[in-house]
Amino acid sequence: MENFDKQQIDEKVRKGFPFKDRRHNNFHLEMPFGLINDPNGLTYLDGTWHIFFQWNPLGVVHKNKCWAYTSTKDFITYSVPQLAMHPTDVHDKDGCYSGCGLAEDGKVRVLYTCNSKDEKNVRTAAQRFGTLENGKIRKDSIIVPGNPEGYTAHFRDPYIFYKHGKRYFVLGAQRADETGCALLYEETSDGWNFKGEIKTDYKNFGYMWECPGLLQFGNYDAMIFCPQGLEAEEFKYQNKFQAGYIAGHLSPDSLDFIHGKFEEIDKGFEFYAPQAFNNSGRHILIGWMGMPDRDDDFPAESDGWRFSLTMPRELTLKQGHIFSKPARELKKLRQDFFAVDAAETPETSFELFEGSESKIKIRFGKAKKITLTLDYAGEKVLMTYDKTEQVMTIDRNQMKSGGKGVRKFKLFADEEFDFRLFVDKTAIELFLQHGEEVASFFVFPEKDVVPQLKISGDATVEKISGKVWKLGKFNYV
Ligand code: FRU
């Protein structure tokens with residue numbers, strides 16, 4: 001096990017703020033060094049949002065999985081992140097893997113996966129509680145020491161939820177036949193008991209499901225999970241691994257989940273392992289802006305940091321579909337703005353700000369295709385909506401460094417095309433059609449320039465109207 005000196009690491013983090021590398025983002029959670037992945041332990045308690053995430057403080061590779069911790073009351077001002085938990089014993093020596101958070105007796109508690117490998121590299125995954133005390137997680141008891149029969153040790157990422165007055169957790173798993181699934185545990189007076197596998201229509205859907213979550217929207221349930229090993233299709237599953245959901249009704253007693261089809265929750269390039277807070281019916285989701293096995297798409301190794309978290313998003317479920325909008329708190333980032341107002345024109349273009357939000361609607365008129373071009377002194381990202389095909393395409397092939405490629409997905413727009421585009425230094429989030437779809441991705445322009453946004457049609461566009469705001473930065477105190 002590596003030596004993790006919390007005091008030293010926390011001090012080094014403190015010195016890393018404000019960020020020095022120009023590629024660091026202004027309104028995306030990041031660390032000055034190390035590699036971050038999944039958001040963990042998201043908990044709302046008495047006016048504070050507690051946020052943990054996977055972090056390797058010792059390098060920019062997927063190793064030494066620790067939990068980092070920050071908190072915020074408004075999603076704008078955050079506590080300087082610190083090391084909350086690191087491998088300490090035989091149970092979690094190979095990683096404090098992902099888990100959830102909950103408020104209990106006025107405290108923030110967490111439930112996480114202890115990952116351990118023996119001399120023969122045989123893995124054991126145990127589920128353990130912890131309690132947040134002064135920025136550090138005190139490790140409590142292990143409630144599930146290993147995987148049940150019929151499943152492999154790929155058994156991780158517990159997420160607690162409440163239904164009909166009882167407590168349950170779902171957990172990502174792999175069957176002995178190497179297909180993915182989600183398992184359900186129920187709290188009883190004898191402890192946490194294995195109820196069984198959640199029965200969905202997806203019986204052979206990837207080799208492992210990671211990071212499940214169970215969200216309740218009134219009487220409807222949505223199970224978020226991340227299946228690994230799906231084949232890419234023309235308009236789907238184009239990342240290495242997927243993050244999506246099924247929505248419907250889960251009966252914890254029969255384990256039946258009656259649901260609609262699996263939908264990806266973000267259609268961009270860098271989005272995985274999301275988790276949601278639940279506070280009085282508000283579901284606020286944060287995703288990892290990154291992708292397993294795609295480290296080289298992020299050319300920041302030399303600067304000693306890698307990956308970000310998405311902005312917090314508020315989810316709603318309408319007709320079986322999850323809509324995502326930037327958390328309303330983020331409006332407080334807005335500073336100066338200018339209006340965009342063009343009519344009967346094939347194109348309009350303007351310079352954005354160093355960090356910006358563009359909220360724009362377009363009436364097609366004669367145009368059947370609309371392209372949003374983000375232009376960084378000649379390096380370009382093209383975001384094109386084709387109304388005839390009802391297809392959205394995001395093309396990063398004109399960027400020189402970082403991940404490239406194209407993502408394509410179906411999107412419905414009738415007379416109007418609506419978008420909210422958040423452009424941070426390297427992190428971009430595009431919300432489409434009032435949040436019906438979202439796409440998150442990075443760009444790494446060679447030059448430190450403020451991008452231009454060009455909106456163009458393949459014929460005269462009837463109207464382009466909206467606003468562009470300069471956005472401020474997150475504060476770390
Ligand atoms: C998802 C994941 C989780 C695991 C964690 C380890 O990105 O693989 O399944 O708990 O990362 O960092």
Side-chain angles (χ1 to χ4, degrees), residues 2 4 31 34-42 51-69 83-87 91-101 110-117 123-128 130 137 144 146-147 151-160 169-174 178 180-183 206-213 223-230 239-245 264-266 269-276 285-295 297-298 306-310 440:
E2 301 286 341
F4 299 90
M31 286 301 242
L35 176 147
I36 73 183
N37 54 301
D38 319 358
N40 289 155
L42 303 184
I51 301 169
F52 302 84
F53 49 92
Q54 292 277 292
W55 181 44
N56 173 7
L58 307 179
V60 284
V61 290
H62 284 280
K63 260 173 83 173
N64 310 311
K65 297 294 179 180
C66 297
W67 282 36
Y69 168 67
L83 182 66
M85 166 158 78
H86 57 83
H91 303 290
D92 65 13
K93 70 180 180 61
D94 295 297
C96 300
Y97 274 17
S98 287
C100 63
V110 303
L111 177 64
Y112 77 103
T113 300
C114 300
N115 187 49
S116 173
K117 287 183 177 167
R123 188 195 291 260
T124 306
Q127 316 306 320
R128 172 149 76 184
I137 292 171
V144 178
N147 53 284
Y151 302 90
T152 74
H154 287 289
F155 169 76
R156 55 178 173 265
D157 313 333
Y159 185 90
I160 292 191
F169 68 79
V170 271
L171 167 127
Q174 182 181 59
E178 297 191 0
C181 62
L183 305 183
Y207 60 79
M208 167 68 189
W209 292 4
E210 296 191 311
C211 301
M223 183 166 77
I224 292 181
F225 61 102
C226 297
Q228 298 185 301
L230 304 184
N239 287 322
K240 171 79 185 175
F241 300 134
Q242 326 310 324
Y245 64 93
E264 287 161 79
I265 205 163
D266 184 296
F269 294 79
E270 278 87 23
F271 184 90
Y272 195 65
Q275 195 179 93
L285 179 119
I286 297 179
W288 168 34
M289 266 193 88
M291 185 58 61
D293 298 347
R294 281 285 176 272
D295 290 3
D297 286 355
F298 194 100
R306 203 171 244 161
F307 302 128
S308 315
L309 298 184
T310 65
S440 305

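First listed ligand is number 1; within each ligand, the first listed atom is number 1.
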N/O to N/O below 3.5 Å, does that happen between R156 and ligand 1? yes
The protein heavy atom nearest to atom 10 (O) of ligand 1 is D157 OD1, 2.6 Å
Using a 4.0 Å cut-off to any heavy atom of K65, which atoms of ligand 1 qualify? 12 (O)
Would you say the side chains of Y272 and E210 form a donor-acceptor pair under 3.5 Å? yes
Checking N115 against K93: is there a side-chain donor and acceptor pair closer than 3.5 Å? no
With heavy atoms of S98 as the reference, note each atom of ligand 1 found under 4.0 Å away. 5 (C), 10 (O)
Will you find, in the side chains of N40 and Q275, an N or O donor that is under 3.5 Å from an N or O acceptor? no
What atoms of ligand 1 come within less than 4.0 Å of a heavy atom belonging to Y272? 1 (C), 7 (O)
Side chain to side chain contact (heavy atoms under 4.5 Å, CB included) evaluation trace for F241 with M291: CA-CA 7 Å; F241 300 134; M291 185 58 61; 4.3 Å; yes
Ring pair (Phe, Tyr, Trp, His ring centres under 6.0 Å) with Y69: of F52, F53, W55, only one passes, and it is F52
Measuring from atom 12 (O) of ligand 1, which candidate in E210, Q54, H62, Q228 has the nearest non-hydrogen atom? Q54
Quick one: pull up CH2 in W209 and CD in Q228 and give me the separation to the nearest 0.5 Å. 12.5 Å
Starting from atom 2 (C) of ligand 1, locate the nearest protein heavy atom and write down its residue, its atom name and how far away it is, to 0.1 Å. D38 OD2, 3.3 Å
